[in-house]
**Q** 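Okay, here's the structure, questions in a sec.
Residues: numbered from 1 along the sequence shown. Quantities reported herein were computed from a predicted structural model and do not represent experimental measurements.
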Amino acid sequence: MTVIGCSGSFPGPQSPASCYLVQADDEAGRTWSILLDLGNGALGVLQRHLALDEIDAVLLSHLHPDHCLDVCGLYVTRKYSPARADGGRLPVHGPHGVERRMAEAYGGEEGSALARQLDYREWEARQPVRIGPFTVTPIPVNHPVEAYGLRVEADGQVLAYSGDTDSCPELSELFTAATLALADSAFVDGRDETRDIHLTGSRAAAAAVEAGGVQRLMLTHIPSWNDPEVCRAQAAAVWAGEVELAEPERTYPL
Ligand SMILES: [Zn+2]
Ligand SMILES: [Zn+2]
């Protein structure tokens with residue numbers, strides 16, 4: 001898993017908004033590349049890590065701009081790049097209404113043309129999707145819009161990505177026995193009192209503890225106005241192991 005962007009809610013000076021490149025080989029040795037979210041700013045940094053026509057699918061946790069807006073730019077590359085490969089339509093999985101949302105984001109008459117390059121598919125809660133060696137299960141989570149945590153399994157390893165969420169029972173389902181729980185930690189205990197939007201470090205850690213069997217806990221979606229070490233310390237008060245912080249452009253083998 002390579003962190004393309006991990007800045008919470010908007011791009012920061014050191015990182016785009018949310019985007020994680022996840023790669024695994026199938027039995028024939030072909031490497032599959034999927035993106036968990038494609039937030040604003042991510043498309044630029046992504047090109048330092050793979051050619052854009054090597055993407056096999058885009059998986060959107062929800063339709064806030066910091067998780068989906070660069071789908072518009074990806075469409076442009078598939079439609080207009082002189083070097084574009086004719087690989088057919090690219091699967092873009094997302095919540096209900098994803099096609100309309102992206103058309104509106106692009107705007108104008110061309111908005112509706114995105115579907116000629118992008119094969120939109122709507123998540124159904126807990127219905128696994130197979131993409132090459134990956135099995136991805138969307139688990140509904142607790143955010144002001146339809147939002148999913150994505151449980152990504154391949155080769156016996158489990159990456160459990162919370163997307164944006166506050167505490168909810170479904171996080172146990174999402175995180176249980178995960179190799180790596182990648183958890184929203186945008187809010188800070190003692191500062192952000194609004195509930196049902198984001199986790200804090202301590203709530204992320206509590207969810208991982210309650211889920212059981214989580215091997216690694218990594219905090220992400222930290223906005224640039226947070227001190228990441230405060231988030232880490234709040235999680236470390238609950239999580240017995242090391243609390244990792246997602247770092248842009250770092251690759252984490254699972
Ligand atoms: Zn967000
Ligand atoms: Zn959000």
**Q** So, E173 and R126, do they make that salt bridge, N to O below 4.0 Å?
**A**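 Answer for the salt bridge query: yes.
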**Q** Under 4.0 Å between a side-chain nitrogen and a carboxylate oxygen: does that hold for R232 and D227?
**A** no
**Q** Show your reasoning for whether side-chain hydrogen bond (donor to acceptor under 3.5 Å, both in side chains) applies to D37 and S61.
**A** CA-CA 6 Å; D37 285 334; S61 64; 2.9 Å; yes
**Q** If you measure from CG on L69 to OH on Y106, what distance do you get to the nearest 0.5 Å?
**A** 13.0 Å
**Q** In terms of side-chain heavy atoms, does H96 have a donor or acceptor partner in E124 at a distance below 3.5 Å?
**A**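 A pair is found: one side chain offers a donor N or O, the other an acceptor, under 3.5 Å apart.
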**Q** Would Y252 and E244 satisfy side-chain hydrogen bond (donor to acceptor under 3.5 Å, both in side chains), going step by step from the backbone distance to the final call?
**A** CA-CA 11 Å; Y252 300 88; E244 301 176 63; 5.9 Å; no
**Q** Regarding T179 and Q157, do their side chains bring together a donor and an acceptor under 3.5 Å, going by distance alone?
**A**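 Side chains of T179 and Q157: pair found under 3.5 Å.
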**Q** Does L254 belong to the same Ile/Leu/Val/Met/Phe/Trp/Tyr cluster as L50, with side-chain heavy atoms less than 4.5 Å apart forming each link?
**A** no
**Q** Can you get from L36 to I131 by hopping between Ile, Leu, Val, Met, Phe, Trp and Tyr side chains that sit under 4.5 Å apart?
**A**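 In one cluster with L36: I131, yes.
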**Q** Looking only at non-hydrogen atoms, find the nearest pair between A207 and L171 and report the distance.
**A**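 So the two residues come closest at CB-CD1, 3.8 Å.
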**Q** Under 3.5 Å, is there a donor-acceptor pair between the T220 and Y20 side chains?
**A**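 The answer is yes; a qualifying pair exists.
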**Q** With heavy-atom distances below 4.5 Å as the criterion, would you say the side chains of H93 and V98 are in contact?
**A**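 Sidechains of V98 and H93: no contact.
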**Q** Would you tell me whether H67 and N40 have side-chain atoms, one donor and one acceptor, within less than 3.5 Å of each other?
**A** no
**Q** Can you see whether D164 engages H62 through a side-chain donor-acceptor pair at a distance of less than 3.5 angstrom?
**A**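 The answer is yes; a qualifying pair exists.
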**Q** If the threshold is 4.0 Å, N to carboxylate O, is there a salt bridge linking R191 and D189?
**A**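 Salt bridge between R191 and D189, a charged N being under 4.0 Å from a carboxylate O: no.
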**Q** If you measure from CG on L60 to CG on L35, what distance do you get to the nearest 0.5 Å?
**A**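 Result: 9.0 Å between the selected atoms.
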**Q** Taking it one step at a time, do R203 and D184 satisfy salt bridge (charged side-chain N to carboxylate O under 4.0 Å, His left out)?
**A** CA-CA 10 Å; R203 297 203 291 265; D184 173 9; over 6 Å; no
**Q** Would L63 and V145 show up in the same hydrophobic cluster when neighbours are defined by side-chain heavy atoms closer than 4.5 Å?
**A**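 Unlinked, L63 and V145 end up in two clusters.
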**Q** Tell me the closest heavy-atom pair linking P95 and E122, and the distance in Å.
**A** O-CG, 4.0 Å
**Q** Minimum heavy-atom separation for P133 and A154, please, with both atom names.
**A** O-CB, 3.6 Å
**Q** Using only heavy-atom distances, determine whether the side chains of Q23 and T31 contain a donor-acceptor pair under 3.5 Å.
**A**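 Per modelled atom types, Q23 and T31 side chains form no pair under 3.5 Å.
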**Q** We want to know whether E249 and H49 form a side-chain donor-acceptor pair, criterion being a heavy-atom distance below 3.5 angstrom.
**A** yes
**Q** Spell out, yes or no, whether Y120 and Y148 are grouped together once hydrophobic residues are joined by side-chain heavy atoms under 4.5 Å, including indirect joins.
**A**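 No, Y120 and Y148 fall in different hydrophobic clusters.
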**Q** Using the ring of each side chain (for Trp, its six-membered ring), is H221 parallel, tilted or perpendicular to H198, with breaks at 30° and 60°?
**A** tilted
**Q** Compare all side-chain heavy atoms of F134 with those of D56 and state whether any distance is below 4.5 angstrom.
**A** no
**Q** Check this for me, if you would: do E153 and R151 make a salt bridge, where the nitrogen-to-carboxylate-oxygen distance has to be below 4.0 angstrom?
**A**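 A salt bridge is present here (some side-chain N lies under 4.0 Å from a carboxylate O).
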**Q** Report yes or no: do D25 and W32 form a side-chain donor-acceptor pair below 3.5 Å?
**A** no
**Q** Do W225 and V188 share a hydrophobic cluster, counting only Ile, Leu, Val, Met, Phe, Trp and Tyr and linking them when any side-chain heavy atoms are less than 4.5 Å apart?
**A** no
**Q** Let me see the working for H143 and D196 under side-chain hydrogen bond (donor to acceptor under 3.5 Å, both in side chains), right down to the final yes or no.
**A** CA-CA 6 Å; H143 201 52; D196 303 321; over 6 Å; no
**Q** So, S7 and S15: side-chain donor and acceptor under 3.5 Å apart, yes or no?
**A** no
**Q** With a 4.5 Å heavy-atom cut-off, do I197 and P144 have their side chains touching?
**A** yes
